[in-house]
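So the structure is just underneath, and the comments pick up after that.
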Amino acid sequence: MPDSRIAITGIGITSALGMNVQENLYSLRHGLCGIGRMDILSSRHGEELPVAEINYTNQVLARMTGLKPETPRSVLLAAVSIRECLDRAKLAGSDIEAFYYGTTVGGIDQSEKQVPAYLKGESVDYQIFTTHDNGKSAEILSAVFDMNCVGATLSTACSSAANAILSGAEEIKSGMADTILVGGADGLSLFTLNGFNSLMILDRKLCLPFDAERQGLNLGEGSAFLILESVEHALGRGAEILALVSGWGNTNDSHHQTASSPEGIGAGLAMKKALAKANLSSADISHINAHGTATVNNDESELNALSAVFDIIPPFTSTKSFTGHTLAAAGGLEAVFSVLSLQYGEMYPTLRFQNPIRDNICPVTSLTYRNLQHILSNSFGFGGNCTALVFSKYCPS
Amino acid sequence: MELFIDHINELRYFTESATDLEQELISEYKVSGIQHHKFYKMNNLCKMAWLLGRRSIDSLKKNISLPPSGKNAIILYNYCSSLASDWPHASMLSKGGMNRVSPSVFVYTLPNIANGELAIDLGWTGYTAFLIGSPEMDISLIYEQILMSFHQFDIDLALIGMIEVGTGIGEAYGRVGVVAPFLNSTIQFDLEKAKSLFLHG
Amino acid sequence: MAITLAEELRNKLLTRLNIQYIKPEEVDLDGPIFGIGLGLDSIDSLELIIMLEQEYGIKFSNPDEAKEVFASINSIAKYIESHKQNA
């Protein structure tokens with residue numbers, strides 16, 4: 001019987017922690033937080049809003065990737081981590097048969113530069129607006145890497161990359177493609193920064209996930225991609241299997257456009273679905289990479305959902321305390337971190353945690369070594385979109 | 001698994017501004033006979049998606065009883081994403097700076113809020129997704145997504161549609177239908193049918 | 001007859017929040033506006049916070065502070081008056 005389990009054979013990542021897997025791993029292990037002052041994105045908020053910015057201008061990213069400097073920042077970041085991902089998987093872009101890309105910003109960072117001129121009636125480069133929507137980004141990446149397919153873009157807010165992984169996993173399972181690239185990217189933009197500010201969910205200081213004193217999130221930027229293939233296919237070409245995608249679930253909270261239901265109903269359902277898909281019970285989960293944005297609403301709601309799903313909540317953490325909230329890319333970044341956790345048997349801390357929200361429920365607070373078998377990763381987006389993924393250690397059957 | 005499609009609804013407008021398009025959608029709402037107090041707050045993309053979605057589901061309910069709420073999916077698709085709100089948000093920010101940004105406009109700068117609005121109104125907790133495509137993309141990708149959802153996602157019914165609503169200048173267009181293995185319909189949901197549903201024109 | 005602050009607030013609120021299904025006169029100035037009543041939600045609360053700042057110079061540092069003030073249109077009017085006196 002062919003081994004149809006879903007293997008992860010390549011990973012690539014950019015974030016405020018670093019421009020590749022090694023740099024991110026180093027930062028995670030040494031508690032080096034990526035959140036700080038805004039340097040590249042210029043905004044009047046610069047003084048007061050900490051962000052997890054990647055310290056490369058678009059010019060530099062363009063040189064690194066061979067793309068034009070007017071390319072949307074999300075695409076530049078994506079290109080860097082797709083390159084790493086393919087290299088690690090020992091694949092060429094032309095080996096990719098399907099591509100699922102999660103983004104919400106798309107080309108907005110470029111479009112927004114043109115808006116003032118447009119409003120004044122000055123001449124505008126309309127070419128810029130072609131990348132405004134998200135669909136073009138996947139097209140550009142598909143062409144740049146010579147992929148054997150056109151990418152599908154998922155735009156489901158903060159669960160976009162997680163849903164890209166879910167869609168890729170589905171497709172491997174259904175046997176419709178052998179080698180799939182999944183992930184997401186979102187660059188910082190004034191559009192999102194000011195938008196989130198108007199929702200009053202940004203912390204003026206460094207964010208405090210799962211802390212009773214939390215005041216909101218810090219925005220971040222980044223990109224992360226994974227290669228998915230069946231174990232059979234991976235072994236057949238001699239690929240190294242880093243981990244498995246063993247479970248997934250997506251549900252709608254059906255409560256409010258931006259706030260989660262206090263009980264975390266959609267979140268709980270998504271986690272249960274993912275466990276069921278993985279054929280696991282809640283007791284089998286070794287570790288949870290929570291959504292943990294540090295908003296007053298999410299963390300309480302997510303904690304309630306965890307309490308409902310788990311008799312004893314396993315060690316959980318929010319790596320957003322390191323990377324900020326990278327919006328659509330978050331599910332991808334956290335998938336890569338989950339793979340690293342499984343590979344090296346380590347759990348990364350929730351930085352700056354001091355006061356539990358209730359019942360002395362505390363996240364992981366320092367780098368902890370443990371033999372991990374199954375990790376649950378949560379990503380919840382506006383629009384009630386709740387996605388849970390389960391990553392598992394690979395053992396030859 | 002054989003899938004059928006039914007309760008297809010369509011709306012199409014040619015307008016000169018976002019406000020004109022909004023007025024058309026409000027007129028449509030008023031003759032629809034359905035009440036939804038939050039309708040007026042939605043952006044044009046969501047207004048269109050909701051009108052079409054509710055119409056399809058209401059007519060479906062006359063024929064069959066719906067599966068449990070967790071078994072119903074909403075899968076929407078377009079090219080222009082949330083341009084309907086991106087433009088006003090970016091303009092307000094540009095003209096007035098951070099103090100002129102409106103949270104209720106920003107909220108709608110995510111296309112999947114359209115899925116969310118329908119999910120809230122219908123009380124559905126199943127799979128929801130918003131896919132962005134382009135004229136160059138093969139519709140079979142969307143078609144396969146929908147098939148996969150049935151085979152793998154444990155869903156019994158999907159509300160699917162294409163909602164192409166942009167700045168309100170020019171054409172705005174939406175087409176929505178219900179797909180399930182058990183409809184009182186003989187129209188098979190195959191690739192050709194998906195193409196006719198999702199392609200412009 | 002001059003319009004009262006509460007009536008002016010009511011008009012501004014309904015316009016700002018795009019509430020078109022009800023006439024201003026039909027909205028009870030003393031009645032609840034969040035949840036039941038007008039059915040306003042957390043996003044509307046944020047819009048109101050912005051409106052109070054832009055039109056009446058009132059600042060809230062976080063949404064929770066505003067909750068009690070937003071109990072009814074009259075309570076918002078009272079709050080504005082008391083702040084004007086203190087200014």
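Every heavy atom of this structure was used, including side-chain atoms; hydrogens, water molecules and symmetry mates were not. What you see is a predicted model, and the numbers here were worked out from it, not measured in a lab. Chain letters run A, B, ... following the sequence lines, proteins first and then strands; every chain starts at 1.
Of the atoms belonging to A/Tyr100, it is side-chain heavy atoms, and not backbone ones, that fall under 4.5 Å from chain B. Heavy atoms closer than 4.5 Å to chain B are found in the side chain of A/Thr258, but not in its backbone. If you measure heavy-atom distances from B/Leu141 to chain A, the contacts under 4.5 Å come from the side chain alone. Of the two parts of B/Glu144, the backbone and the side chain both hold a non-hydrogen atom closer than 4.5 Å to a non-hydrogen atom of chain A.
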**Request:** Could you check A/Asn385 against B/Thr128 for side-chain hydrogen bond (donor to acceptor under 3.5 Å, both in side chains), going step by step and ending with a plain yes or no?
**Result:** CA-CA 7 Å; A/Asn385 203 291; B/Thr128 56; 3.2 Å; yes
**Request:** May I have the step-by-step check of side chain to side chain contact (heavy atoms under 4.5 Å, CB included) for B/Tyr127 and A/Leu166, ending in yes or no?
**Result:** CA-CA 11 Å; B/Tyr127 177 65; A/Leu166 182 155; 4.2 Å; yes
**Asked** Going through the checks in order, is the side chain to side chain contact (heavy atoms under 4.5 Å, CB included) test met by A/Thr153 and B/Leu131?
**Response** CA-CA 6 Å; A/Thr153 302; B/Leu131 296 144; over 6 Å; no
**Request:** Decide side chain to side chain contact (heavy atoms under 4.5 Å, CB included) for B/Tyr79 and A/Lys136; before the verdict, give the C-alpha distance in whole Å, the side-chain angles of both, and the deciding distance to 0.1 Å.
**Result:** CA-CA 9 Å; B/Tyr79 299 151; A/Lys136 194 75 181 176; over 6 Å; no
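Of the candidates A/Leu190, A/Leu193, A/Asn194, A/Leu199, B/Val101 forms a side-chain contact (heavy atoms from CB on, under 4.5 Å) with just one, namely A/Asn194.
Side-chain contact check for A/Lys173 versus B/Met148: every heavy-atom pair is 4.5 Å or farther apart. Looking at A/Phe382 and B/Ile113, their side chains come closer than 4.5 Å, going by heavy atoms from C-beta outward.
Here the shortest heavy-atom pairing between B/Ala119 and A/Ser254 reads O-OG, 2.8 Å. Of all heavy-atom pairs between A/Lys273 and B/Gly126, the closest is NZ-CA, 4.5 Å. Residue B/Gly116 comes nearest to A/Asn252 through the heavy atom pair CA-ND2, 4.2 Å, listed as atom of the first residue, atom of the second, then distance.
Ranked by non-hydrogen atom pairs under 4.5 Å with chain A, the options B/Met92, B/Lys38, B/Glu117 are led by B/Glu117.
The closest donor-acceptor contact from the side chain of B/His89 to the backbone of A/Phe191 lies under 3.5 Å.
For residues 259-272 of chain A, heavy-atom neighbours of chain B at less than 4.5 Å comprise A/Leu269, sorted by residue number. When the heavy atoms of residues 103-110 of chain B are compared with those of chain A, the residues falling under 4.5 Å are B/Pro103, B/Phe106, B/Val107, B/Tyr108, B/Thr109, B/Leu110, listed by number.
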